[in-house]
Amino acid sequence: MGETGCKHFQAYVKEQSLDTFRIIDAYFSACVNKDAREKKALSCCCFECGSYGLQVYACLHCIYFGCRGAHIATHLRAKKHSIALELSHGTLYCNSCRDFIYDTRCREIAGVNRRLEAKDLSKSLSWQPWIPTPKETNLLLANPRRRRIRANETIGLRGLINLGSTCFMNCIVQALIHTPLLSDYFLSERHECNAKSSLKCLVCEVSRLFQEFYSGSRSPLSLHRLLHLIWNHAKHLAGYEQQDAHEFFIATLDVLHRHCIKAKTEVESANKLNNATSSSGSGTGGGSGSGGHNTNTNTNVNSNCPTQCNCIIDQIFTGMLQSDVVCQECKGVSTTIDPFWDISLDLGETAHGGSTPKTLIDCLERYTRAEHLGEYGKIKCSTCKSYQESTKQFSLRTLPSVASFHLKRFEHVSTLIGKKVSTFISFPVELDMTPFMSEKNNAYGDFRYSLYAVVNHVGTIDSGHYIAYVRHHKDTWVKCDDHIITTATLKQVLDSEGYLLFYHKNILEYE
Amino acid sequence: MASSSDSTLAAANIDAKNEKNSNITVSGKTSANNTKMTIATIQKAYHDILKDPTSLDEAAHYLYQSLLDDAVVGVFLEIHHLHRTGNLDALDGVPEEGTDASYRIVDMPNYDIFGISSVKKLMDCTCPNCDRPVSASRFAPHLEKCMGMGRNSSRIASRRLATKEGTSASSSSSSSYLQTTVGTDDEDDIDWSSEKRRKKTNQGNRNNGSKKNNGKSF
């Protein structure tokens, strides 16, 4: 049973239902569409003083707006009305109790309206505080001890045993464990497993790893169960020989992602009935019949990108790469957009000569430069109806919360012969990705990123070792060399060769 | 909170606008006046504010104050709600005891970040595929063979599978089988403890070689 406001509110709902609340909230608090925004702009001011300030209350008994404090209070007292709605945050106020009150059903209606508002303005959902369920409250009260995570402490760090040339896995696991969004997800136990045995679920295993890392234990951890699960789910990785950290990283994301899709479809089929009833409720939320329309667009988006299941892996790691092919004859542009998990960057000389890249920015500029496909790379132009010479250019349509870059240090001349490119490529701590976006000027959002993990390959292509530098806290870096974790300086990190670079978005939008 | 001064400020702002532009008739008081307001007049008023540096400055200040005020109310409401539901105490909790020094980061040569000397320790783990204790440092090569990959391994794996099925996967019978038949052609054999060796493991003094084992397996 959720919250039910106060006895005055209950009496009010009995008499008037929640319809007034729903409409007032949709128009004057959440402003679910253009019409609502206009109505608010034109009529939502204090009936006493004419103020348009943010802190305006609406009486839920009659048509009356009043400023916080004396103006609304005088009205409520004079008319013997008790319930008003604070419009800026959508909080209910009871004048009989002289207090703010909270009602679960109203919060659900308000939630629907806020989502409609965000959708209508194509902006991110505003922040909402975590409201523990009664069950969670009881758990919190029953387990009052809290482990504080402090910058000068080792909580969150664990060495990883080398299981026999498994340093590539250890490095990727260290990078993943130190991904802030991923640790938020797993430490708040958001993964609900439907697998018959959690021992067979890779996502559960990752969840257990997070518990191990934050357990406070200082002895190194063995990832044998993880290795077994990954080999079972990604046959192409299986085998003692496999040693490329990048391949392992992508395969791990893929396996985790596929686990999430599977879990999601299972949950969806189970909740289908529940969803059907709740979505019919949301239709009336806006009071404008826009609810049905919104559900339609939603399914369209999903069918357009089948790879995006909105699982935690997709939410964190999936970005969209735009490829524009321009026909040199008619200048017609054909655009395709594909999802990506990371960006692989060439380090060697370009085909047309030119200087070799020296920095990550150089690599990215080269990656997003228009490339002439040449006489032998003609592409059929849909406008000219014939094969024409064209240029091709990549740009980033959307960026993931974690941008990871793979510096192609291993060149394969043939299937047997390869060489390692050890050129020093400098990479920044703070990276602004704005110049590489498809819509540089009118793209919504902030594209600044911070470095948080670097995986390095030491040695030659035939025999080598992987180590990782990870950011433990804001200014604390550590070096992870299998079971040995030691402190590192930022200079050490930036002076290292760099094979895989992990950047985390600084400013995150909600949903 | 400063509600009265806030609304006065808002009213003053609107009055200021009215002085500059007689078209805007926002005196408040009666709602009838509001019908005269249109989106066009709001937009005009907005552009007028933008044009005049003094009014722009004033408007920016007013906006900042309103947003700040609103944010403070937001925090207040959040805490108020937590208090009402009893979650304020629930979330707070009490800090863990006696951890102040023990988790401190160590930065000394020859020691890792936990203050443990960085000498490699031997550990055992239980193979999830065959449920036998395996030396952790040799787990990957073991698993490769155990899962039936790499050279010789498919033969070994299929043989073991056959044994498992035949003897209802009882560990003692399969281990004795391995000891007698597969043992010789599998270089990883030493990692698979026989029944005798496993007993010793539990006492903490087994290993494949002479190095001491901490007996931990998980």
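Residue numbering restarts at 1 for every chain, and letters A, B, ... go by the order of the sequence lines.
- In this structure, chain B has a heavy atom under 4.5 Å from the side chain of A:Glu86, while its backbone stays farther away.
- Heavy atoms of A:Thr91 lying under 4.5 Å from chain B belong exclusively to its side chain.
- Summarising the local packing, CD1 of A:Ile63 is surrounded by 12 or fewer heavy atoms from other residues, nucleotides or ligands at distances under 6.0 Å.
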Worked check of side-chain contact (heavy atoms from CB on, under 4.5 Å) between B:Asp70 and A:His89: CA-CA 9 Å; B:Asp70 195 48; A:His89 299 269; 3.2 Å; yes

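- Taking all atoms of both residues into account, the shortest heavy-atom contact from A:Gly164 to B:Ala140 is O-CB, 3.3 Å.
- For the set A:Leu140, A:Leu227, A:Leu141, A:Asn152, the entry with the most heavy-atom pairs within less than 4.5 Å of chain B is A:Asn152.
- A:Thr154 contributes a side-chain N or O that, together with a main-chain N or O of B:Tyr103, makes up a donor-acceptor pair within less than 3.5 Å.
- Distance check: A:Arg68 CZ to B:Asp69 CG gives 4.5 Å after rounding to the nearest 0.5 Å.
- Using a 4.5 Å cut-off between heavy atoms, A:Ala142 makes no contact with chain B at all.
- B:Ile39 CD1 to A:Leu42 CG: the interatomic distance, rounded to the nearest 0.5 Å, is 4.0 Å.
- Of the listed residues (A:Ile155, A:Val56, A:Ile131, A:Ile101), the greatest number of heavy-atom pairs within a distance under 4.5 Å of chain B belongs to A:Ile155.
- Considering every non-hydrogen atom in both A:His228 and B:Pro128, the closest pair reads ND1-CB, 3.3 Å.
- Of the inter-residue distances, the one linking A:Thr486 atom OG1 with B:Phe114 atom CZ reads 10.5 Å to the nearest 0.5 angstrom.
- Between B:Pro141 and A:Leu163, the shortest heavy-atom contact is CD-O, 3.6 Å.
- Here B:Leu143 contributes atom CG and A:Asn232 contributes atom CG; the two are 8.0 Å apart, rounded to the nearest 0.5 Å.
- The distance from the OG1 atom of A:Thr166 to the CZ atom of B:Phe139 is 9.5 Å, given to the nearest 0.5 Å.
- Within the 4.5 angstrom heavy-atom criterion, no atom of A:Leu139 approaches chain B.
- We find the CG-NZ distance between B:Asp112 and A:Lys479 to be 12.5 Å, quoted to the nearest 0.5 Å.
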Got a list of side-chain donor-acceptor pairs under 3.5 Å for residues 72-93 of chain B, not counting sequence neighbours?
{"residue": "B:His80", "atom": "ND1", "partner": "A:Tyr102", "partner atom": "OH", "Å": "2.6"}
{"residue": "B:His80", "atom": "NE2", "partner": "A:Asp99", "partner atom": "OD1", "Å": "2.6"}
{"residue": "B:His81", "atom": "NE2", "partner": "A:Glu3", "partner atom": "OE1", "Å": "2.9"}
{"residue": "B:His81", "atom": "NE2", "partner": "A:Glu3", "partner atom": "OE2", "Å": "3.1"}
{"residue": "B:Arg84", "atom": "NH1", "partner": "A:Asp99", "partner atom": "OD2", "Å": "2.9"}
{"residue": "B:Arg84", "atom": "NH1", "partner": "A:Phe100", "partner atom": "O", "Å": "3.0"}
{"residue": "B:Thr85", "atom": "OG1", "partner": "B:His81", "partner atom": "O", "Å": "3.0"}
{"residue": "B:Thr85", "atom": "OG1", "partner": "B:Leu82", "partner atom": "O", "Å": "3.2"}
{"residue": "B:Thr85", "atom": "OG1", "partner": "B:Asn87", "partner atom": "ND2", "Å": "3.1"}
{"residue": "B:Asn87", "atom": "OD1", "partner": "A:Thr137", "partner atom": "OG1", "Å": "2.7"}

Which side-chain N or O atoms in residues 469-478 of chain A pair as donor and acceptor under 3.5 Å with protein atoms at least two apart or in another chain?
{"residue": "A:His472", "atom": "NE2", "partner": "A:Glu153", "partner atom": "O", "Å": "2.7"}
{"residue": "A:His473", "atom": "NE2", "partner": "A:Arg150", "partner atom": "O", "Å": "3.1"}

